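Report on the structure given below.
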Protein chains: 2
Amino acid sequence: MWMEIDLQSDVPIYTQLVDQLIEGIASEQLKPGDPLPSVRSLAADLGINLHTVNKAYQILKQDGFLQVHRKQGVVVQPGGMPGADAAFRAKLAKGIRPLAAEAAVRGMTEEEFAEQSAAVYRQLMSKGEDAK
Amino acid sequence: MWMEIDLQSDVPIYTQLVDQLIEGIASEQLKPGDPLPSVRSLAADLGINLHTVNKAYQILKQDGFLQVHRKQGVVVQPGGMPGADAAFRAKLAKGIRPLAAEAAVRGMTEEEFAEQSAAVYRQLMSKGEDAK
DNA sequence: TATCTGTTATATAATAAGTATAACAGAGAG
DNA sequence: CTCTCTGTTATACTTATTATATAACAGATA
């Protein structure tokens with residue numbers, strides 16, 4: 001599997017999983033309807049616990065990025081992803097805020113900061129370019 | 001004091017303090033050389049513990065945003081703020097990454113995301129417009 | 001001498017994160 | 001029907017983080 005976990009990181013394992021799965025969807029390495037490994041097999045692959053994987057899946061299911069069929073495992077949401085609603089825009093602003101503040105203090109202009117944001121977005125998308 | 005703490009938030013108190021102080025510097029509500037309340041008085045004002053405030057001050061001192069004179073308390077770095085070095089740019093990219101990914105999944109374009117980032121930056125700066 | 005400053009050292013409580021086992025219901029394959 | 005896979009739920013335990021509570025120390029100020 002293409003997933004990697006950093007056990008030394010200060011960001012929780014289940015958050016790393018959530019982030020990487022969203023990145024996978026964003027870059028179209030994971031397409032709507034694609035099956036995901038079972039909680040047990042992915043946990044075994046990564047050398048972590050079943051519940052840690054399940055927690056990540058639950059969050060993504062709750063947010064509408066994944067679907068569970070009870071029938072055959074977990075799949076990437078086939079029926080259209082959730083949109084950029086008010087709740088998300090608020091969450092987004094809240095997340096960007098401390099980054100923008102520190103960037104400003106360190107001398108980055110609004111344009112530099114915006115370009116940096118765009119660059120990260122761009123780089124993220126380009127990871128799916130050579131997907132088979 | 002102008003600081004506010006949300007005890008119900010999932011973000012640690014000392015992190016809230018760090019963020020708000022950086023925002024204060026960014027918006028020039030806090031200027032180089034300005035004195036900050038002592039760890040004891042700020043803790044008393046906010047109804048929290050001395051060590052929680054001290055932890056925030058330590059982080060900001062470590063990053064070069066504050067200076068400690070042992071003589072009369074803590075002051076905003078008077079000799080120029082640290083710049084946007086490679087370490088910060090890496091930290092910035094790492095912080096933006098999961099936000100950009102989710103924004104992309106939710107249908108925001110690169111331009112929309114960059115504009116959202118710029119908007120947050122702008123709004124942050126404008127808070128110091130009517131400072132006396 | 002008091003009183004303020006940051007700093008350090010302990011100890012404790014509360015919460016979050018991660019693990020370890022176990023068991024259950026539904027679905028598919030033999 | 002039995003075996004095996006799926007997600008899900010429950011319980012218990014360990015560990016790390018966060019926050020608090022006291023106490024004490026060195027330096028500076030009035």
Side-chain angles (χ1 to χ4, degrees), chain A residues 1 3-21 30 33-79 95 98, chain B residues 1 3-21 30 33-79 95 98:
Chain A
M1 195 60 184
M3 304 212 55
E4 285 180 13
I5 290 305
D6 180 10
L7 296 176
Q8 315 305 320
S9 172
D10 56 331
V11 33
I13 299 178
Y14 73 89
T15 302
Q16 294 183 41
L17 291 178
V18 167
D19 290 345
Q20 288 192 34
L21 287 171
L30 286 175
D34 279 1
L36 263 58
S38 75
V39 290
R40 287 178 177 85
S41 68
L42 182 52
D45 276 9
L46 299 174
I48 61 178
N49 191 274
L50 173 161
H51 294 102
T52 307
V53 175
N54 187 249
K55 186 168 183 176
Y57 280 2
Q58 283 301 322
I59 292 174
L60 291 167
K61 169 190 170 188
Q62 180 69 27
D63 287 353
F65 299 125
L66 297 184
Q67 241 187 32
V68 177
H69 275 98
R70 181 67 114 175
K71 138 177 204 154
Q72 197 67 16
V74 180
V75 297
V76 178
Q77 177 72 45
Chain B
M1 194 61 182
M3 305 212 55
E4 287 179 12
I5 289 304
D6 180 9
L7 296 176
Q8 313 306 320
S9 172
D10 57 331
V11 35
I13 300 177
Y14 74 89
T15 303
Q16 293 183 42
L17 292 177
V18 167
D19 289 346
Q20 287 192 35
L21 288 170
L30 287 176
D34 279 0
L36 264 57
S38 75
V39 290
R40 286 178 178 82
S41 68
L42 181 53
D45 276 8
L46 298 174
I48 60 178
N49 191 273
L50 173 161
H51 294 103
T52 306
V53 175
N54 187 250
K55 186 168 183 175
Y57 280 2
Q58 282 301 321
I59 293 174
L60 291 166
K61 169 189 170 189
Q62 180 68 26
D63 287 352
F65 298 124
L66 298 184
Q67 242 187 32
V68 178
H69 274 98
R70 181 69 117 177
K71 138 175 206 159
Q72 197 67 17
V74 180
V75 297
V76 178
Q77 178 72 44

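Throughout, protein chains are lettered first and strands after them, A, B, ... in sequence-line order, and every chain is numbered starting at 1. In this text the structure is predicted, and so the values were computed from the model without any measurement.
In this structure, P37(A) and S41(A) approach most closely via the heavy-atom pair CB-OG, 3.6 Å.
Counting to the nearest Å, the P atom of dG6(C) and the CG atom of L60(B) are 14 Å from each other. At whole-Å resolution of the value, CD in Q67(A) and P in dT8(D) are 12 Å apart. As a whole-Å value, the separation of I13(B) CD1 from dT17(D) C1' is 13 Å. Distance Q16(B) CD to dA19(D) P: 8 Å, rounded to the nearest Å. Between N49(B) atom CG and dT8(C) atom C1' the separation is 14 Å, expressed in whole Å. Rounded to a whole Å, the OH atom of Y57(B) is 12 Å from the C1' atom of dT5(C). Atom-to-atom, CD of Q58(A) to P of dA10(D) comes out at 12 Å; the value is rounded to the nearest Å. Atom C1' of nucleotide dA23(D) and atom CG of N54(B) are separated by 15 Å, given to the nearest angstrom.
At distances below 3.5 Å, at least one donor-acceptor pair connects side-chain atoms of N49(B) with backbone N or O atoms of H51(B). Side-chain atoms of Q67(A) do not come within 3.5 Å of backbone N or O of P78(A) as any donor-acceptor pair.
Counting any heavy atom pair closer than 4.0 Å across all strands shown, H51(A) reaches a base atom.
Here the side chain of V74(B) is nearest to one of dG7(D), dT19(C), dG6(C), namely dG6(C).
Here K61(B) reaches the OP1 or OP2 of dT7(C): one of its side-chain N or O atoms lies under 4.0 Å away. Applying the 4.0 Å criterion to OP1 and OP2 of dA19(D), one finds that K55(B) has every side-chain N and O outside that range.
Residues L60(B) and V74(B) form no side-chain contact, since every pair of their non-hydrogen atoms from C-beta on lies 4.5 Å or further apart. No side-chain heavy atom of L46(B) sits less than 4.5 Å from a side-chain heavy atom of T52(B).
Counting distance only, with no hydrogens placed and no angle test, the side-chain atoms of R40(B) and the base atoms of dT22(D) include no donor-acceptor pair under 3.5 Å.
Each of T52(A) and V39(B) lies near DNA chain C, and the nucleotide nearest V39(B) is the one positioned closer to the 5' end.
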